[in-house]
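A short write-up of the structure that comes next.
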Amino acid sequence: MAEPNTPTYERTVPRVLMCAPTFFEVSYVINPWMTDHVHDTTSERSRLQWDALRETVARYADVVLQPPAEGLPDMTFAANAGLVFGNSFVTSRFRYPQRQGEEAHARAFFHRHGFDIVDLSEGVFFEGAGDALFDRGTGRRLWMGHGHRSDLAAATELAKRLDIEVLPLKLADPRFYHLDTCFCPLANGYTLYFPAAFDAESLARIERHVPPGLRIAVQEHDAVEFACNAVNLGRVVILNRASEGLRSRLEGAGFMLIEVALDEFMKSGGAAKCLTLRLDEAVGA
Ligand code: ARG
């Protein structure tokens with residue numbers, strides 16, 4: 001039996017979905033990061049960076065690959081495919097037409113892999129694990145971002161359909177348009193987040209649920225480097241870049257940091273976490 005204060009990490013090997021950036025580019029603008037970067041990425045550089053991320057993730061998890069599709073440059077951001085909960089897969093309904101073509105691919109892929117497909121009501125926008133993050137501890141509490149891409153109505157529906165607690169968080173800064181760009185639940189109840197990305201009520205909600213000692217609030221200089229867009233596998237935290245200050249806070253909390261440069265994907269508004277999707281979310285919860 002673990003002592004009450006002994007950190008505990010996952011005992012099984014996590015499973016993580018990724019989708020190669022074969023067709024990745026910035027060819028339209030649907031978030032502020034993309035504005036100055038149309039046709040400004042190269043496939044060599046994005047492939048190298050993505051390979052480095054895949055190899056790093058594969059040291060701590062089983063990586064499953066979803067085949068990319070031509071004409072869907074953002075499909076490499078696997079987090080947006082949908083939300084996994086046990087054996088259920090809630091497919092995303094993208095706000096922008098440029099990404100809606102991804103929905104059918106995700107549905108077919110997850111169906112083929114034996115998941116029960118859950119479709120939210122038509123007209124309710126929901127961008128999957130980009131906006132919906134489970135508490136790593138309880139596995140039944142879902143934080144859901146809304147205000148830019150996903151609708152608040154999706155929170156109510158998810159709570160009902162999956163029989164879970166959903167805590168909505170309103171996103172206030174257009175640079176942090178998906179919840180996973182500014183908020184990241186970590187092992188043992190720690191939570192990495194950028195406070196200024198939320199409206200006052202949502203910030204209060206975070207502070208009500210996460211005790212002060214477990215809050216790791218990042219400053220703007222780390223937030224704009226996508227420090228909150230982190231992949232947490234056991235005690236490992238994989239992210240684009242963290243300042244010395246943030247590094248020592250995370251290490252002080254028992255985490256081991258690995259930086260993987262992902263600037264090519266940041267031109268599209270995404271980094272480590274956006275490029276992955278946990279397939280074993282809340283299994284057995
Ligand atoms: N260009 C993509 C978009 O704006 C980036 C998605 C990043 N994904 C994420 N989970 N934050 O939709």
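When a ligand or atom number is given, it counts from 1 through the structure's own listing order. Position 1 is the first residue of the sequence; numbering continues from there.
- Scanning the protein heavy atoms around atom 10 (N) of ligand 1, the nearest turns out to be D180 OD2, 2.8 Å.
- With F183 as the partner, the ring-ring contact (aromatic ring centres under 6.0 Å, His included) test is satisfied by one option alone out of Y190, F194, W143, F176: W143.
- One distance of note links CZ of R235 with CG of L186; it measures 13.0 Å at 0.5 Å rounding.
- Only side-chain heavy atoms of Y177 come within less than 4.0 Å of ligand 1; its backbone N, CA, C and O stay farther off.
- Near G269, meaning under 4.0 Å from one of its heavy atoms, ligand 1 places the atoms 7 (C).
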Begin from the C-alpha positions of V237 and M256 and carry the test side-chain contact (heavy atoms from CB on, under 4.5 Å) through to its verdict. CA-CA 6 Å; V237 172; M256 180 186 131; over 6 Å; no

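- In N80, the part holding a heavy atom less than 4.0 Å from any atom of ligand 1 is the side chain.
- Close approach to G130 involves these atoms of ligand 1, each under 4.0 Å from a residue heavy atom: 10 (N).
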Test log, rule salt bridge (charged side-chain N to carboxylate O under 4.0 Å, His left out), inputs K267 and D36: CA-CA 8 Å; K267 294 173 180 171; D36 295 326; over 6 Å; no

Verify side-chain contact (heavy atoms from CB on, under 4.5 Å) between R95 and H148, making sure each step is shown before the conclusion. CA-CA 9 Å; R95 180 167 299 270; H148 295 302; over 6 Å; no

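- In summary, the atoms of ligand 1 found under 4.0 Å from a heavy atom of R149, numbered by their order in the structure, are 3 (C), 4 (O), 12 (O).
- Among protein heavy atoms, atom 9 (C) of ligand 1 sits closest to C274 SG, 2.9 Å.
- A distance of 11.0 Å separates CG in L169 from OH in Y193, rounded to the nearest 0.5 Å.
- The six-membered or imidazole ring of F85 lies near that of F134, with a centre-to-centre distance under 6.0 Å.
- Looking only at protein heavy atoms, the nearest one to atom 12 (O) of ligand 1 is R99 NH1, 2.7 Å.
- With values rounded to the nearest 0.5 angstrom, L214 atom CG is found 8.0 Å from I216 atom CD1.
- Contacts with ligand 1 closer than 4.0 Å are made by side-chain heavy atoms of M34 only, the backbone lying farther away.
- The I30 neighbourhood of ligand 1 comprises atoms 3 (C), 4 (O), 12 (O), with distances under 4.0 Å to a heavy atom of that residue.
- Ligand 1 has no nitrogen or oxygen under 3.5 angstrom from a nitrogen or oxygen of E127.
- With hydrogens left out, the protein atom closest to atom 2 (C) of ligand 1 is D74 OD2, 3.3 Å, a heavy atom.
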